[in-house]
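Here the structure comes first, spelled out in structure tokens, and everything after it is commentary.
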Amino acid sequence: MRELKELIRENIYNLKPYSSARDEYKGKNASVFLDANENPFNTLYNRYPDPLQTEVKSTLSKIKGVDADKIFLGNGSDEAIDLIFRVFCTPAIDNVVAIEPTYGMYRVCADINNVEYRMVELDKEFQPDVERVLNSCDNNTKAIFLCSPNNPTGNLLERERILQIVDRFSGIVVVDEAYIDFAPTSSLVEVLDRYPNLILLQTLSKAWGMAAIRMGIAFASEAIISFMNRVKYPYNINILTQQAAIERLHNISAMKIELNSILEERTSLEKELSQLPLCQKIFPSHSNFILIRVKNATNVYQYLMDNGTIVRNRSHITLCNDCLRITIGTPTENMQLIKLLKEYRYE
Ligand SMILES: *Cc1c(COP(=O)(O)O)cnc(C)c1O
């Protein structure tokens with residue numbers, strides 16, 4: 001890995017970050033707070049929230065086995081993705097490399113930040129070719145974006161391929177693990193300490209069932225996390241979100257019950273789909289959605305929509321022609337989908 005000083009944008013490396021009232025006062029024994037120009041009358045919400053979300057992080061730290069100072073929390077994973085661009089990539093000069101197809105936000109954030117976005121197509125098994133990924137990099141490539149399990153393909157990238165890329169690339173490798181809870185293999189957090197150039201992304205939006213509160217997670221070296229913290233808005237996670245996250249994270253068993261139902265439903269949905277003449281291919285899924293190839297995907301998509309059932313039409317995406325992405329729903333929702341698909345008649 002190159003020195004962090006070489007990878008981080010110079011203006012960010014030299015940034016003197018905003019110091020909030022709550023940053024300066026840290027845990028001393030105080031009961032009178034006249035430092036932040038807040039309304040003193042207690043409305044539950046009159047005080048600024050903890051800018052570093054200490055309690056959420058210590059809860060997550062125990063669940064994930066990662067030190068709290070190696071955790072960044074953002075307004076969704078989207079904030080973490082955007083910050084990676086803003087911390088590492090100088091607009092109009094640097095570039096990033098990503099697999100294709102993958103999650104659309106990497107490209108949008110690259111475009112917003114005026115950073116060149118280079119795509120390397122996955123192979124037929126939706127796996128990255130390590131040599132092609134590395135050969136697409138040059139001295140201005142600051143980060144490689146991988147997503148495992150990948151969206152919209154649904155599959156895990158092979159761990160050896162990911163680790164080869166992390167090992168051989170001298171810049172940052174981002175592995176988005178938004179769907180890792182649905183996968184049969186464990187997260188790369190267990191090897192985080194071995195790779196100072198690795199950033200892992202997770203989220204409360206999928207398995208944890210908290211998409212509405214907007215909380216994304218990045219795991220990385222303490223040094224990388226400290227730069228992300230300097231660039232983020234001082235109070236990026238509001239108190240309602242912090243409270244709701246803590247409550248949910250303390251109830252792992254509730255999450256596990258839902259997770260198991262989704263996994264069982266995934267298996268039965270795969271079986272049902274495979275029996276439909278309409279369905280030409282079911283791609284292996286390690287996530288909470290299934291990518292299928294059908295004849296005339298756009299017609300099928302429209303038919304389902306006309307019947308009040310929305311799936312994701314991915315038929316215009318690289319390697320996904322005539323593909324629909326179907327999220328695993330409740331048993332009732334999945335039954336409704338299968339019923340509709342059984343009744344589908346080709347025009
Ligand atoms: C859904 C998803 C996320 C989650 O984004 P949030 O902003 O945390 O809701 C992240 N990455 C991928 C690949 C996803 O599909």
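All ligand and atom numbering here is 1-based and tracks the order in the structure. Excluded from the calculations below are hydrogen atoms, water molecules and symmetry mates; all remaining heavy atoms, backbone and side chain alike, are included.
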S205 to ligand 1: N or O pair under 3.5 Å?
yes
Starting from atom 15 (O) of ligand 1, locate the nearest protein heavy atom and write down its residue, its atom name and how far away it is, to 0.1 Å.
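Among all protein heavy atoms, the one nearest atom 15 (O) of ligand 1 is Y179 OH, 2.6 Å.
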Using a 4.0 Å heavy-atom cut-off, which part of R214 comes near ligand 1: side chain, backbone, both, or neither?
side chain
Please confirm whether F85 and Y106 have ring centers closer than 6.0 angstrom.
no
With atom 10 (C) of ligand 1 as the reference point, say which of I217, D176, I213 has the nearest heavy atom.
D176
Within a distance under 4.0 Å of any heavy atom of [X], pick out the atoms of ligand 1 and give their elements.
| X | result |
| --- | --- |
| A178 | 2 (C), 3 (C), 10 (C), 11 (N), 12 (C), 14 (C) |
| S77 | 4 (C), 5 (O), 6 (P), 7 (O), 8 (O), 10 (C) |
| K206 | 1 (C), 2 (C), 3 (C), 4 (C), 14 (C), 15 (O) |
| D78 | 7 (O) |

Report all side-chain donor-acceptor pairs from residues 288-295 shorter than 3.5 Å, counting only partners two or more places apart or in another chain.
unit_1	atom_1	unit_2	atom_2	d
R293	NE	N321	O	2.8
R293	NH2	L319	O	3.2
R293	NH2	N321	O	3.4
R293	NH2	N321	OD1	3.2

Please list, chain by chain and in numerical order, all residues satisfying ring-ring contact (aromatic ring centres under 6.0 Å, His included) with F88, sequence neighbours excluded.
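For F88 there are no ring-ring contact (aromatic ring centres under 6.0 Å, His included) partners, ignoring immediate neighbours.
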Return yes when C147 approaches ligand 1 closer than 4.0 angstrom through a heavy atom, no otherwise.
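Under 4.0 Å: yes for C147.
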So if I apply the side-chain contact (heavy atoms from CB on, under 4.5 Å) rule between Q53 and each of T241, N236, I71, I246, which one comes out positive?
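Of all the options given, the one that passes is N236.
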If we count only N and O atoms by modelled type, under 3.5 Å, do the side chains of Q280 and D322 hold a donor and an acceptor together?
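There is no such pair between these side chains.
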Which of E160, R161, R168 passes side-chain hydrogen bond (donor to acceptor under 3.5 Å, both in side chains) with Q164? It is R168
Counting N and O atoms only, with roles assigned by atom type, does the side chain of T267 sit under 3.5 Å from a partner on the main chain of L263, one being a donor and the other an acceptor?
yes
